[in-house]
Amino acid sequence: MSAPFPTRRLRRLRKNEKMRNLVQEVTFSVNDLICPVFVQENLKSRTFVESMPDIQRLPLSDVTQEVQSIKDLGIPAIMLFGIPEKKDEYGTGAFADDGIVQKAASEIRKSFGDSMVIMSDVCLCQYTSSGHCGILNGNIIDNDSSLMTLSRIALSQAASGVDIVSPSAMMDGQVKAIRNALDEKGFSDVGIMSHSAKHRSSFYNPFRDAADCAPQFGDRKTYQVPFTNPREAMREIEMDVSEGVDIVMVKPALSYLDLIAKTRERFNVPVSAYSVSGEYALVKGAAKQGWINEDEIMAEILYSIKRAGADMIVTYFAKKMAEYLNR
Ligand code: PBG
């Protein structure tokens, strides 16, 4: 009896590296990376974030140097997060003209001109004494008064030289409110990348260490999307698109690949994905134990996010991935 010959052989195209390169479907470039940068007001020297190995909070004086190292790797964009010295009820530090993000953005703009895309987080949780992403009315996070504050934050960041503001507060109507405010004040060329489908997630916990923004009571369930509701996530994206968003986002990324794929299929706007702090910490933690190969796992995860349909990825691995790609 003769051996049963396969009539189709997929292994032909896998036989050596050049052949595999030729048929590679999903590609990844440094141009797909957005690197988060944490700047802390009145910080003396760089401080490591315990739950996010290799990630640092920077003093203002170190920001230019850090952005230079990001630029040298070929990464086109940064995402600025500020940690203010003082918090208050209204999160005033978030929209102060001399706030930490505003200062950092204007320094970066001065030093780098158009050679770095500056994005900035538009939210309140680092700045409010409650640690919530909006303004309180009693114990309720008040949607519409929060919109006014979010608009002020976006305006002050635009005035300091930010290219793209990135609201992450998950208030209804935040894109429209910010778009109107920007247009009214002559910032029609400043874009909006909304954290459109931002889920209530325990994957954010390490970030709360980095940015000191844990809610002081309750949780974020009244404003962030439940991870059980994919249709609701699509309604969030739909709303942002109808309000004139430039780039939508699915967040977190790794446990939400289905939603990245759906967003890619259904909407003709650029899609970003935020591979969040917990995704980073899982890899770093296991790598530290010697249980996985950090670089290979990092690449496999980030490629999977692109394969799902993301055009760009915010990731704490941005610099490491750029080094990997440049190798
Ligand atoms: C602030 C904000 C958070 C993250 C980004 N912006 C925290 C939160 O919503 O609790 C999380 C990012 C990460 O985990 O890497 N609204």
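Side chains are part of it too, since the values below use all heavy atoms of this structure and drop only hydrogens, waters and symmetry mates. All ligand and atom numbering here is 1-based and tracks the order in the structure.
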Item checked: Verdict with reasoning, Asp219 to Arg200, per salt bridge (charged side-chain N to carboxylate O under 4.0 Å, His left out) -> CA-CA 9 Å; Asp219 51 41; Arg200 214 291 307 168; over 6 Å; no
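Counting all heavy atoms, side chain and backbone alike, Met119 lies closest to Ala77 at CE-CB, 4.4 Å.
For the pair Lys319 and Glu66, the salt-bridge criterion is met [side-chain N within less than 4.0 Å of a carboxylate O].
A ring-centre distance under 6.0 Å is not found for Phe203 and Phe227.
Listed by number with element, the atoms of ligand 1 under 4.0 Å from a non-hydrogen atom of Cys133 are 16 (N). Listed by atom number, the atoms of ligand 1 under 4.0 Å from Cys123 heavy atoms are 1 (C), 16 (N). The ligand atoms of ligand 1 that sit less than 4.0 angstrom from a heavy atom of Arg208 are 8 (C), 10 (O).
Around atom 6 (N) of ligand 1, the closest heavy atom drawn from Gln224, Lys251, His195 belongs to Lys251.
Polar contact check, Tyr316 against ligand 1: a nitrogen or oxygen pair lies under 3.5 Å apart.
In this structure, Glu279 falls outside the shell of residues with a heavy atom less than 4.0 angstrom from ligand 1.
Remark: minimum distance from atom 9 (O) of ligand 1 to any protein heavy atom is reached at Lys198 NZ, 2.7 Å. When only non-hydrogen protein atoms are considered, atom 8 (C) of ligand 1 lies nearest to Arg220 NE, 3.5 Å. At the top of the distance list for atom 14 (O) of ligand 1, counting protein heavy atoms only, stands Ser277 OG, 2.6 Å.
Checking side-chain atoms of Asn143 against main-chain N and O of Met171 turns up no donor-acceptor pair under 3.5 Å. In terms of modelled atom types and a separation under 3.5 Å, the side chain of Tyr280 and the main chain of Pro53 share a donor-acceptor contact.
For the 3.5 Å distance criterion, the side chains of Asp209 and Ser51 qualify, holding a donor opposite an acceptor.
Looking at Tyr274 against ligand 1, only its side chain comes within 4.0 Å, counting heavy atoms. Heavy atoms of Cys125 found under 4.0 angstrom from ligand 1 belong exclusively to the side chain. By the criterion of a heavy-atom distance under 4.0 Å, both the backbone and the side chain of Ser168 are placed next to ligand 1.
Seen from the ring of Tyr204, Lys198 counts as a face-on cation partner, given the 6.0 Å and 45° thresholds.
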